[in-house]
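Scope of the values below: all heavy atoms of this structure, side chains included, with no hydrogens, waters or symmetry mates. Just so it is clear: chains get the letters A, B, ... in the order the sequence lines come, proteins before strands, and each one is counted from 1.
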Protein chains: 2
Amino acid sequence: MDLAEGKARFIQSWGTLGSHWGINRTMAQIHALLLIAEKPLSAQEVIDELDISRGNANMNIRALIDWGLVFKELKPGDRKEYFVAEKDMWEVVKQVIIHRKKKELEPIVKVLNEISGVEGKGEEVEEFKKVIKDIQLFSSKADSTLNSLIKADQHWFVSTFMNMIK
Amino acid sequence: MDLAEGKARFIQSWGTLGSHWGINRTMAQIHALLLIAEKPLSAQEVIDELDISRGNANMNIRALIDWGLVFKELKPGDRKEYFVAEKDMWEVVKQVIIHRKKKELEPIVKVLNEISGVEGKGEEVEEFKKVIKDIQLFSSKADSTLNSLIKADQHWFVSTFMNMIK
DNA sequence: TTTAAGTTTCAATACTTTTTGAAAGTTAAA
DNA sequence: TTTAACTTTCAAAAAGTATTGAAACTTAAA
């Protein structure tokens with residue numbers, strides 16, 4: 001396998017991975033391209049490399065910047081914007097956790113709080129409340145755990161989890 | 001809020017949550033319905049409650065069984081199959097981790113192993129290999145961590161993570 | 001056997017999400 | 001100012017995913 005093929009395979013796979021993580025294929029591919037680029041790339045270079053439209057490239061670069069996975073870089077004397085990827089995987093994962101927690105966990109916690117106040121009495125209501133309470137408990141634990149992870153640094157993360165492996 | 005409304009809201013929200021987790025909306029809604037059902041439900045009851053087609057119900061119930069999130073239950077003297085949900089959230093999360101790890105992490109690890117063998121010399125190749133190696137390292141750590149989590153029981157999980165929260 | 005209750009499959013359809021491309025907007029230099 | 005390089009927006013089209021419903025299949029009891 002030569003370099004060009006390796007790069008193409010990586011971009012392709014990263015795209016597939018991203019689509020499982022709330023990052024659409026193009027967005028993940030742009031991130032992959034920037035990860036393995038030796039220098040900051042302009043929007044035009046991204047468009048040419050991935051063969052996508054200008055609109056698509058622009059939208060997804062903005063989204064990546066929003067997620068904190070890509071940074072804008074300006075070169076003196078050049079009007080173009082250049083882009084570089086966050087290359088520290090632990091930072092990447094943390095950013096993804098932050099976004100997904102907000103989009104996924106927080107809404108369900110909110111709903112659980114609301115419905116745990118359902119009115120009425122009887123076996124059926126009690127049973128329902130019990131199920132909801134269990135899930136609520138689990139969700140708030142998950143939420144705290146993720147908050148800790150987000151605050152933690154990589155060294156801490158690695159050493160804690162490495163201890164788990166016998 | 002009364003019981004019926006609470007149940008409807010829960011089913012709806014669980015469906016939305018699922019769709020972020022590789023579980024499609026209907027699949028997650030069936031799981032939610034079974035979670036809060038006081039008794040095992042037949043396919044027909046699922047169809048009626050959620051107002052979905054027989055084919056859709058069947059496909060998604062099979063998928064839930066496949067994922068280990070729902071179990072088949074047979075009543076003596078009754079040809080219908082009845083279904084109950086796994087209600088232990090920790091078990092649910094573990095099953096989801098197992099499936100998603102297989103679908104998401106393992107393919108990228110495989111690709112990384114392949115492309116880390118790219119041929120050629122020069123600055124560019126070395127730089128590429130370095131980036132890939134970093135991601136490889138991170139991925140295998142993530143893989144081990146998830147394996148440990150899958151083997152761990154809930155008590156262990158909760159106590160370990162609770163310690164993280166100051 | 002035959003029947004009927006129940007389950008599974010799958011091509012067609014509906015729905016959702018992503019992508020395009022052209023037009024509008026912005027801004028630094030001439 | 002005006003120009004031109006570059007960025008952003010957004011409606012329409014394409015691509016991808018989920019759902020339906022009818023037909024085929026399975027199986028236990030009559």
Revision key, fill the gap. In short, side chain to side chain donor-acceptor pair (under 3.5 Å) pairs touching residues 131-140 of chain B with sequence neighbours left out are B:N113-B:Q136
Considering only distance and modelled atom types, tabulate donor-acceptor pairs under 3.5 Å from the side chains of residues 120-130 of chain A, sequence neighbours left out.
{"unit_1": "A:E124", "atom_1": "OE2", "unit_2": "B:K7", "atom_2": "NZ", "d": "3.2"}
{"unit_1": "A:K129", "atom_1": "NZ", "unit_2": "A:V118", "atom_2": "O", "d": "3.3"}

Residues which pass side chain to side chain donor-acceptor pair (under 3.5 Å) with [X], listed by chain and number, not counting sequence neighbours:
X	value
B:Q95	none
A:D78	A:Y82
B:E104	A:W21, B:R100

Among residues at least two apart in sequence or on other chains, which ones pass salt bridge (Lys or Arg N to Asp or Glu O under 4.0 Å) with [X]?
X	answer
A:K72	A:E81
B:D143	B:K101
B:E45	B:K39
B:K87	none

Exercise for review: Report the distance from atom NZ of B:K80 to atom C1' of C:dA4, rounded to the nearest whole Å.
Suggested key: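 To the nearest whole Å, that distance equals 13 Å.
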Study note, to complete from the structure: B:Y82 atom OH is separated from C:dA5 atom C1', nearest whole Å, by 12 Å
Exercise for review: Strictly below 4.0 Å, heavy-atom distances to any atom of DNA chain C: list the hits from residues 23-39 of chain A, or just say none.
Suggested key: A:N24, A:T26
Point to revise | Sorted by number, the residues of residues 61-73 of chain B with heavy-atom contact under 4.0 Å to DNA chain C | key: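 By residue number: B:R62.
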Check your understanding: Would you say B:N58's side chain and B:R54's backbone share a donor-acceptor pair under 3.5 angstrom?
Key ->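 Between the backbone of B:R54 and the side chain of B:N58 there is no qualifying donor-acceptor contact (under 3.5 Å).
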Exercise for review: Between protein and nucleotides 20-30 of chain C, map the contacts as a letter string: B base, S sugar-phosphate only, - none, heavy atoms under 4.0 Å, written 5' to 3'.
Suggested key: BB-----BS--
Review point. How is B:E81 classified with respect to the nucleic acid when contacts are heavy atoms under 4.0 Å: base, sugar-phosphate, or nothing?
Key: sugar-phosphate
